[in-house]
2 protein chains.
Amino acid sequence: MPLRVTIKDVAAQADVSYQTVSKVLNNQAQVSPETKARIWRAVKKLGYVPNHRARDLRTQRSHMLGYSWRPDLPHQVNPIMDLFLLSMVEAADEKGYHILPFPHPDPEKDVDAYRDLMRTGRVDGFILSSIDYNDPRIKFLQRENFPFVAFGGLQAESDLFVDVDGARGLELATRHLIAQGHKNIAVLAWPKHSRVGQNRFAGYVQAMRDAKLEMRAAWTAHVEGTFEMGYATTHKWLRAKTRPTAIVALTDLLAVGAMRAIQESGLRVGADIAVTGFDDTPMAQYLTPALTSVRQPIWQVGQRVIDLLVRSLEQLPLTETQIVLSPELIVRESSLK
Amino acid sequence: MPLRVTIKDVAAQADVSYQTVSKVLNNQAQVSPETKARIWRAVKKLGYVPNHRARDLRTQRSHMLGYSWRPDLPHQVNPIMDLFLLSMVEAADEKGYHILPFPHPDPEKDVDAYRDLMRTGRVDGFILSSIDYNDPRIKFLQRENFPFVAFGGLQAESDLFVDVDGARGLELATRHLIAQGHKNIAVLAWPKHSRVGQNRFAGYVQAMRDAKLEMRAAWTAHVEGTFEMGYATTHKWLRAKTRPTAIVALTDLLAVGAMRAIQESGLRVGADIAVTGFDDTPMAQYLTPALTSVRQPIWQVGQRVIDLLVRSLEQLPLTETQIVLSPELIVRESSLK
DNA sequence: CTATGTTATGCGAACGTTCGCCCGAACGTT
DNA sequence: AACGTTCGGGCGAACGTTCGCATAACATAG
């Protein structure tokens with residue numbers, strides 16, 4: 001048995017031309033059941049597996065899907081992206097594809113990395129995440145007419161994307177607090193230039209309006225999503241004359257900052273001031289008290305994204321092209337009296 | 001300009017045979033400076049990039065490095081692995097390689113996935129992590145003589161690996177507690193079948209012996225590395241007649257469980273009972289009190305692993321083949337009075 | 001019995017590279 | 001003047017597939 005078993009070895013074994021073997025493997029064209037069986041037997045016997053390099057060259061496809069993610073903080077971890085990646089890897093594997101992760105260089109030059117992977121034939125399509133308003137990558141890929149699917153909402157009708165309804169998430173959290181009897185609810189939001197941030201924020205506004213509750217400008221903070229900003233902002237709120245009885249945060253990190261500030265003021269999180277987060281970071285469940293948080297269906301997002309992308313690559317019918325999934329509120333002690 | 005610019009287009013433009021272009025691109029063999037320049041000009045003008053698919057077929061290499069990681073818990077996040085992956089992706093990219101992540105199936109069948117990727121020519125080598133004693137993957141790859149590098153120590157002289165000195169890590173943590181005046185130090189360790197666990201545990205033993213402190217069997221727990229086990233074990237310790245004044249844990253999760261148990265007993269973490277963790281999970285810094293933990297140089301591990309693997313693939317000189325890096329103790333409030 | 005169609009298989013070519021060998025010209029060297 | 005050497009570059013082949021067309025064998029119909 002030769003070191004590398006090729007289609008020709010199989011052909012010799014089965015006593016047919018190697019092209020016929022190829023036909024059987026891709027079961028196209030008619031081949032008599034007997035020879036078919038003979039060929040399969042030979043394949044099994046020799047332990048043949050098709051060489052992907054050769055196939056890819058011939059078919060001009062790579063079965064690779066490029067994915068690049070931006071760490072929120074340099075050399076720090078983005079737990080959401082990790083799970084997302086894992087989900088995509090598994091989904092892709094099932095369909096005979098692989099994920100090719102590549103580094104995310106400085107925001108302006110990043111189109112280069114995409115262009116390179118396209119031109120060299122390394123990937124068949126891309127998965128995009130952390131989309132900005134007017135993301136240059138989107139324009140570029142559209143112009144080049146190269147397949148991609150985004151995690152995050154786009155505008156154009158033609159775009160493929162999967163998104164999580166962030167507004168719905170904050171609405172759930174806010175409604176939950178209102179149901180607990182809270183009226184003075186502050187919000188720790190992101191800077192206004194963030195599309196994801198504005199989307200989530202809208203959910204808070206919606207819930208407050210529906211309940212006819214007052215939204216004070218002083219209790220609406222648009223800040224960077226860090227622990228420090230959550231801490232500092234909450235601290236400020238606690239020193240004011242009237243203070244909120246509940247705080248909804250756009251991320252867990254902001255919520256954790258808020259919790260710390262509350263505890264340092266000698267107040268109890270939950271009993272005195274309720275707090276909710278967003279993302280259901282692994283740590284949320286281990287905090288004291290455990291943090292109520294909005295959990296995104298990241299696993300499903302990964303599955304759907306790959307499904308969409310592979311379908312579009314293989315020209316299969318697309319029943320849905322723009323998928324919006326609902327998040328789920330995980331209620332824990334931090335929002336209960 | 002044709003849609004796909006190939007080497008032949010460049011050749012036509014530069015008025016040489018396409019094989020000569022290839023030679024220039026891989027700068028091997030003599031070509032006169034003039035034609036060289038002419039060819040490069042043509043390359044630039046046409047925006048040529050070599051087609052990786054074709055090159056890979058011809059050279060029988062894929063420039064892909066397979067990596068599969070096992071989530072500690074199904075559908076849960078392993079923050080260490082995430083950073084590790086990111087580091088490898090960047091290191092590989094610099095050297096013209098890519099990481100190919102693939103799913104980790106059930107432990108017994110996983111060799112199949114490795115075999116498949118090898119046979120189909122998808123990858124040139126593997127990175128292994130989460131190594132067990134007698135890991136079947138290692139035996140398999142050695143038998144097939146396929147290049148790989150492990151994150152985690154192996155035995156054989158010939159093996160390539162990068163490891164973090166877990167014993168040193170626990171030694172640092174234990175010595176730190178001893179320096180704080182602690183004498184009754186309990187340890188939350190892993191089951192004995194874990195090689196990583198035994199390695200770390202040895203560091204605790206070393207530090208205790210050096211300080212001539214007593215190690216009570218009752219204060220040595222070999223348990224699964226979960227929050228629940230940390231919590232339950234610590235609870236048990238606290239109810240005993242004499243209780244430890246400090247607890248070293250083999251993972252942050254165990255430490256967090258211990259912290260919770262301590263706090264629920266009305267004691268103060270740090271002031272009353274000191275606690276240290278391992279891994280410096282992102283959450284460690286946000287806990288109340290913040291958790292003292294051993295930080296592994298994950299970024300460096302990723303860089304070194306890729307360096308080793310690429311060197312061995314390209315038959316470059318290997319100065320070191322078995323690299324052990326030292327972790328670092330990050331002291332926070334949980335271990336201070 | 002020829003014409004026509006169907007079915008099963010074979011064959012040449014191509015995908016875009018790299019590799020090794022060959023060859024002609026220029027240049028010294030006996 | 002004849003002979004090596006070196007340099008620059010060309011040429012055919014190969015990597016392992018898939019694709020489209022050609023063709024042989026056989027059956028069916030006129």
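Below, each value reflects all heavy atoms present in this structure, side chains not excepted, and no hydrogens, waters or symmetry copies. Within every chain, numbering begins at 1; the chains are lettered A, B, ... in the order of the sequence lines, protein sequences first and strands thereafter.
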**Asked** Taking the six-membered ring for Trp, are B:Y114 and B:F126 ring centroids under 6.0 Å apart?
**Response** yes

At less than 3.5 Å, do the side-chain atoms of [X] and the base atoms of [N] form a donor-acceptor pair?
X     : N      : result
B:R58 : C:dT17 : no
B:K23 : C:dG20 : yes
B:Q19 : D:dG9  : no
B:Q30 : D:dG9  : no
A:R55 : D:dT17 : no

Spacing between [X] atom [atom1] and [N] atom [atom2], to the nearest angstrom:
X     : N      : atom1 : atom2 : result
A:K8  : D:dT18 : NZ    : P     : 12 Å
A:L57 : D:dT18 : CG    : P     : 11 Å
B:R4  : C:dC15 : CZ    : C1'   : 10 Å
A:I39 : C:dT9  : CD1   : C1'   : 10 Å
B:D56 : C:dC19 : CG    : P     : 12 Å
B:Q60 : D:dG16 : CD    : P     : 5 Å
B:N51 : C:dA14 : CG    : P     : 17 Å
A:R61 : D:dT18 : CZ    : C1'   : 12 Å

So that I can tick it off, tell me whether [Y] and [X] are bridged by a salt bridge, with the cut-off set at under 4.0 angstrom between side-chain N and carboxylate O.
X      : Y      : answer
A:R311 : A:D307 : yes
B:D116 : B:R122 : no
A:D56  : A:R53  : no

**Asked** Where each residue is assigned the nucleotide of DNA chain C containing its nearest heavy atom, which of A:V31 and A:Y18 is assigned the position nearer the 5′ end?
**Response**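 Taking each residue's closest nucleotide, the earlier one in sequence belongs to A:V31.
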
**Prompt:** Closest nucleotide of DNA chain D for B:T59 versus for B:K36: which of these residues is on the 5' side?
**Reply:**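 Taking each residue's closest nucleotide, the earlier one in sequence belongs to B:K36.
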
**Message:** Does the structure show a Watson-Crick or G-U wobble partner for C:dT29, both distances under 3.5 Å? Name it, or say none.
**Reply:** D:dA2

**Request:** Start with the C-alpha gap between A:Y67 and A:F102, add the side-chain angles, then the distance that decides, and say whether ring pair (Phe, Tyr, Trp, His ring centres under 6.0 Å) holds.
**Result:** CA-CA 6 Å; A:Y67 172 59; A:F102 60 99; 8.1 Å; no

**Prompt:** So, is B:T20 near the phosphate of D:dG10, with a side-chain N or O under 4.0 Å from OP1 or OP2?
**Reply:** yes

**Prompt:** Do the side-chain N or O atoms of B:S32 get closer than 4.0 angstrom to the phosphate oxygens (OP1, OP2) of D:dC7?
**Reply:**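 Answer no for this pair, as no side-chain N or O of B:S32 is under 4.0 Å from OP1 or OP2.
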
**Request:** Measure from the side-chain heavy atoms of B:I7 and tell me the nearest of C:dT18, D:dC11, C:dC11.
**Result:**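 Of all the options, the side chain of B:I7 is nearest to C:dT18.
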
**Request:** Answer with base, sugar-phosphate or nothing: what part of the nucleic acid does A:S22 contact at a heavy-atom distance below 4.0 Å?
**Result:** base

